[in-house]
Amino acid sequence: QVQLVESGGGLVQAGGSLRLSCAASGRTFSNYAMGWFRQAPGKERDFVAAISRSGSSTYYANSVEGRCTISRDNAKNTVYLQMNSLKPEDTAVYYCAARAGIAYPTTPNGYDYWGQGTQVTVSS
């Protein structure tokens, strides 16, 4: 089992920044590819970003490319999502997810473990 706990969400004005964190425990963190997803009310859970086990490879959704940066610190068992130039349409609950192995899918069903989510609200 892997336990994931997100933090760092909040209310921010459009154009502002937030840094989300996801702390992992339970298994060897570096064995897991990590992803960030988000879900707005009444919508499906959408892919935001993913990072390989070592952190050497990353992948982003078109909607956040250039505005968000995913990173990880395997010594701290933590993955981050730095979000800049936030827009009202970025408002959602943000979830981190873990997947054992090399691949880092862009669909929710590709991940084995999920955190409880952290709310991000961007006001216009």
Check whether [X] reaches the backbone of [Y] with its side chain - one donor and one acceptor, N or O, closer than 3.5 Å.
| X | Y | result |
| --- | --- | --- |
| Tyr32 | Val2 | no |
| Thr118 | Ser7 | no |
| Thr78 | Lys76 | yes |
| Asn74 | Thr28 | no |
| Arg67 | Ser85 | yes |
| Glu44 | Gln39 | no |
| Arg72 | Phe29 | yes |
| Gln13 | Ser124 | no |
| Gln82 | Thr69 | no |

What pair of heavy atoms forms the shortest contact from [X] to [Y], and how long is it?
| X | Y | value |
| --- | --- | --- |
| Leu81 | Ala49 | CD1-CB, 4.2 Å |
| Lys87 | Val122 | O-CB, 3.2 Å |
| Asn84 | Ser17 | OD1-OG, 2.9 Å |
| Pro105 | Ala50 | O-CB, 4.4 Å |
| Ala14 | Pro88 | CB-CD, 4.1 Å |

* **Phe37: partners by ring-ring contact (aromatic ring centres under 6.0 Å, His included), with sequence neighbours left out** => Phe47, Tyr111, Trp114

* Asked: For Val5, which fellow cluster members are found when Ile, Leu, Val, Met, Phe, Trp and Tyr are connected by side-chain heavy-atom distances below 4.5 angstrom, either directly or through intermediates?
  -> none

Once rounded to the nearest 0.5 Å, what's the spacing between atom [atom1] of [X] and atom [atom2] of [Y]?
| X | Y | atom1 | atom2 | answer |
| --- | --- | --- | --- | --- |
| Gln3 | Cys22 | CD | SG | 11.0 Å |
| Tyr113 | Leu4 | OH | CG | 9.5 Å |
| Tyr94 | Leu18 | OH | CG | 9.0 Å |

* Structure fact -> side chain to side chain contact (heavy atoms under 4.5 Å, CB included) filter on Ser54, not counting sequence neighbours, yields Ser52, Ser56

Can you confirm whether [X] sits close enough to [Y] that some side-chain heavy atom of one is under 4.5 Å from a side-chain heavy atom of the other?
| X | Y | result |
| --- | --- | --- |
| Tyr104 | Ile51 | no |
| Met83 | Val48 | no |
| Thr106 | Tyr59 | yes |
| Tyr80 | Ile70 | no |
| Ser21 | Glu6 | no |

* Keeping to residues at least two apart or across chains, list the salt bridge (Lys or Arg N to Asp or Glu O under 4.0 Å) pairs with something in residues 109-121. => none

* Residue pairs passing the salt bridge (Lys or Arg N to Asp or Glu O under 4.0 Å) test where at least one lies in residues 29-41, sequence neighbours excluded -> Arg38-Asp90

* Asked: Which pairs count as disulfide (SG to SG under 2.5 Å) when at least one residue sits in residues 34-89, sequence neighbours excluded?
  -> none

* Asked: Stepwise, does the side chain to side chain contact (heavy atoms under 4.5 Å, CB included) test hold for Leu20 with Val120?
  -> CA-CA 9 Å; Leu20 306 184; Val120 171; 4.0 Å; yes

* To do: Would you check, one step at a time, whether the test side chain to side chain contact (heavy atoms under 4.5 Å, CB included) holds for Thr121 with Val12?
  => CA-CA 6 Å; Thr121 303; Val12 63; over 6 Å; no

